[in-house]
Protein chains: 2
Amino acid sequence: MHRSIKGGKVAQKVKLSTIAESLGLSTATISLALRDSPLVAADTREKIKEQARTLGYIYNRRAASLRTSRSGIIGVVVHDIMNPFYGEILKAIESELDRSRHTFILSNHYDSVDKQRNFIETLLQLGGDGVIMSPAIGTPVEDIRLAEDNGMPAILIARQMEGLDVPTYRGDDSYGISLATNHLIGLGHRTIAMIGGTDQTSTGRDRYQGYVNALRKAGIEVDPELRIPGPRTKQGGFEAAVHFLSLPQKPTAAVCWNDLVAIGLMNGIARAGLVPGRDISVTGYDDLEEASIATPSLTTVWNGQAEVGRLAARALLDKLAGSHEPDGIHLIKPEMRIRQSTGPIHIR
Amino acid sequence: MHRSIKGGKVAQKVKLSTIAESLGLSTATISLALRDSPLVAADTREKIKEQARTLGYIYNRRAASLRTSRSGIIGVVVHDIMNPFYGEILKAIESELDRSRHTFILSNHYDSVDKQRNFIETLLQLGGDGVIMSPAIGTPVEDIRLAEDNGMPAILIARQMEGLDVPTYRGDDSYGISLATNHLIGLGHRTIAMIGGTDQTSTGRDRYQGYVNALRKAGIEVDPELRIPGPRTKQGGFEAAVHFLSLPQKPTAAVCWNDLVAIGLMNGIARAGLVPGRDISVTGYDDLEEASIATPSLTTVWNGQAEVGRLAARALLDKLAGSHEPDGIHLIKPEMRIRQSTGPIHIR
DNA sequence: CTGAAAGCGCTTACAG
DNA sequence: CTGAAAGCGCTTACAG
């Protein structure tokens, strides 16, 4: 096809046969040479590559992929790539896939099962080799099966799903949140609120359970009123401050769903004239890059985002290479990071 | 091809001919029916769609695209998708492309020209229909031409390039930063530092110019020592606080490169025991969602990220639809957002 | 070491 | 309203 380009230039589509004709060779030889096959003599290969470069040849992956049924495309779908928690996971996936020359296609599902299914279907249409996903709330098992049954293996991150033996990489949420809760108990806090998260995800249930377990173990009664579910963002944490500060139980500390909620909550607390870290102790979760530069710097739980991303990408690549990765859940062990946002109990 | 799937199930590849044979029709009819062609009788069409569903047919876009030379793929490449400034642009692009059933492929270039060229080449190999990009520092004109000459139109966002008449959408940086600078001058500030940014981008040069112009207009001498170039992130702003606070000129205010730098700087100032918004006035740039919940809430300049994204996506879609979009630079007019991080001059 | 030919799964004139 | 046939640009046995 000829296309007239602005400026009067005409781009002529260069394909294997263009190179073949210009060199008096067959397309088979060109194809092999460009992919560094040892079947082609070294000097022929060099001549071919040189010619491809001068002609401005562009490899047509659609045509190749139609033939080989491999596309080199890997899909990644998470709740929201703008959330730095996922951002840090994605960065790790990106650097792992980069060195294997895969192209990765990213999408947000915003916890819409429809949007997620749509993405899976698009990926299948493009011949995607595999998909890494943090499943949307309410994802039916069939949606994952759709991918797997069509030869596109799936790896789960951050959230798990029941009734499915797909490799899953995530932090040990129950254990992690108990670290934060125990840290506060150790500082003398007894009235500890839990801010954010939802029972609709495995992560949400696990974290609440970890909080409850830690309190019980310390002999502290669990007061459901001290739980403020919902917030998952800075904005959410900021808005929850009003509710938190008006609780009649007067909590002296807050275990937050994640760092974003914690930072938002601290901003809200400061706006009300109290000093986070002194008047109210606050813990985060994830240890985002931002946690250490917040004011006050945030005591939080390292959740291994980079590990999750790296391992998930590795697992997928291994699977595509034919090795049989163990299915099931792989837990990353969280670690406590103690900073300035928590301190000894301080009666208001 | 038959693939044996875990669990003993065997997935049979369903294609147009599978449906055609099962219904005693030709593939041409199936193809037309699935794309809602009026050439196919309504009841035949319904029967075909029904059958496609029950057989679990998956449309092979690679094959279709090979034939039509349209892929429905649009590439987007920016410095860093984890930066909320780009995140807000991407969100707008996403929602604009979504409703036109395009797939978009995202990538970071981290200001590496090589990584960016790599992405453009991959996109060409996949038959991308177009690309929206915020060009990496040092992008040669040929890299954009490579895309255009191969029939893949490019739209630039946030940064512009010389010697190229490609549609470009960005904020009016020089004007915007002068708004912030004038605001501080109006509050009585005379020693105003500028923190962050780089002369290597058009944006960086424009913003510095806007700052210089505003000072000159007010008859204030421009002191190059008051410029601390470099920082573009929260971390960067946080670290710059030390340098800023030790300037012998003792600036009473800081015009920051963006909201991230401003928030980081405020954290650093607070860490040093000073109160941002009272002891030191700080302005941001972009008006990220976060600006209004920072402590103190951030005085900043609305930079129209959502507008930039929406317009760029629209321009590309229009171009793909054949309409001739005007090339050249389209400036979004910034607006001042006054909050709590700035106030009357306060002598330290 | 190189070439001729089939085929991946679609769409699109063209016939009827 | 439906079908037969060519062709998009590759790769892969198979021959030589």
Side-chain angles (χ1 to χ4, degrees), chain A residues 1-3 11-48 51-52 55-73 124-129 150-151, chain B residues 1-3 11-48 51-52 55-73 124-129 150-151:
Chain A
M1 184 185 29
H2 297 244
R3 272 198 243 211
Q12 169 110 7
K13 195 111 188 191
V14 179
K15 42 193 170 178
L16 286 192
S17 62
T18 317
I19 305 176
E21 282 161 21
S22 79
L23 249 35
L25 291 168
S26 76
T27 58
T29 304
I30 310 295
S31 171
L32 292 169
L34 291 179
R35 283 171 300 137
D36 287 317
S37 163
L39 290 175
V40 181
D43 53 337
T44 313
R45 202 192 316 162
E46 277 324 300
K47 208 168 47 188
I48 290 173
Q51 182 73 343
L55 291 178
Y57 171 68
I58 287 171
Y59 180 65
N60 188 324
R61 259 156 81 153
R62 293 166 290 178
S65 151
L66 187 56
R67 193 48 237 256
T68 64
S69 75
R70 272 232 166 186
S71 65
I73 290 175
L124 285 171
Q125 295 178 355
L126 292 171
D129 292 338
N150 284 285
Chain B
M1 183 183 31
H2 296 244
R3 271 197 244 213
Q12 169 110 6
K13 195 109 186 191
V14 179
K15 43 193 168 175
L16 287 191
S17 63
T18 317
I19 305 176
E21 282 161 22
S22 79
L23 250 36
L25 292 167
S26 77
T27 58
T29 304
I30 310 295
S31 172
L32 291 168
L34 291 180
R35 282 172 300 137
D36 287 316
S37 163
L39 291 175
V40 180
D43 53 338
T44 312
R45 199 191 320 159
E46 276 324 302
K47 206 167 47 184
I48 290 173
Q51 183 72 345
L55 291 179
Y57 171 69
I58 288 171
Y59 180 65
N60 188 326
R61 261 156 81 153
R62 293 167 290 176
S65 152
L66 186 57
R67 193 47 236 259
T68 63
S69 74
R70 272 230 165 189
S71 65
I73 290 175
L124 285 170
Q125 294 178 357
L126 292 172
D129 292 338
N150 284 286

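Computation of the quantities below employed the complete heavy-atom set of this structure, encompassing side-chain atoms and omitting hydrogens, waters and symmetry-equivalent molecules. Lettering of chains follows the sequences in order, A, B, ..., and the numbering in each one begins at 1.
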Between [atom1] of [X] and [atom2] of [Y], what distance do you get to the nearest 0.5 Å?
{"X": "A:Lys15", "Y": "A:Thr27", "atom1": "NZ", "atom2": "OG1", "result": "11.0 Å"}
{"X": "B:Ser71", "Y": "B:Gln125", "atom1": "OG", "atom2": "CD", "result": "13.0 Å"}
{"X": "A:Gln51", "Y": "A:Ser22", "atom1": "CD", "atom2": "OG", "result": "3.5 Å"}
{"X": "A:Lys13", "Y": "A:Ile58", "atom1": "NZ", "atom2": "CD1", "result": "8.0 Å"}

Please report the distance, rounded to the nearest Å, between [atom1] in [X] and [atom2] in [N].
{"X": "A:Ile58", "N": "D:dC8", "atom1": "CD1", "atom2": "P", "answer": "18 Å"}
{"X": "B:Lys15", "N": "C:dC10", "atom1": "NZ", "atom2": "P", "answer": "8 Å"}
{"X": "A:Tyr57", "N": "D:dG9", "atom1": "OH", "atom2": "C1'", "answer": "8 Å"}

> Any idea which heavy atoms bring B:Lys47 and B:Leu23 closest together, and the distance?
Replying inline: O-CD2, 4.3 Å
> Where is the tightest heavy-atom contact between A:Ser37 and A:Arg45, given as atom of each residue plus distance?
Replying inline: O-NE, 3.9 Å
>> Please list, in numerical order, the residues of residues 28-47 of chain A that have a heavy atom closer than 4.0 Å to any atom of DNA chain C.
In response: A:Ala28, A:Thr29, A:Leu39, A:Val40, A:Ala41, A:Thr44
> For the side chain of A:Ala63, counting heavy atoms from C-beta on, which of D:dG9, D:dA4, C:dG3 is nearest?
Replying inline: D:dG9
> Considering only D:dT11, D:dG9, C:dT12, which nucleotide approaches the side chain of B:Arg67 most closely?
Replying inline: C:dT12
> Got a sec, which residues hit side chain to side chain contact (heavy atoms under 4.5 Å, CB included) with B:Ile30, two or more places apart in sequence or on another chain?
Replying inline: B:Leu16, B:Ile19, B:Ala20, B:Leu25, B:Leu34, B:Ile48
> Taking both distances under 3.5 Å as the test for a Watson-Crick or G-U pair, what stems of at least three pairs does DNA chain D have?
Replying inline: C:1-3 with D:14-16, C:5-12 with D:5-12, C:14-16 with D:1-3
> How would you label the contact of A:Gly24 with the nucleic acid (heavy atoms, under 4.0 Å): base, sugar-phosphate, or nothing?
Replying inline: sugar-phosphate
>> side chain to side chain contact (heavy atoms under 4.5 Å, CB included), that's the test. Do B:Leu66 and A:Asn60 meet it? Break it down for me.
In response: CA-CA 9 Å; B:Leu66 186 57; A:Asn60 188 324; 4.0 Å; yes
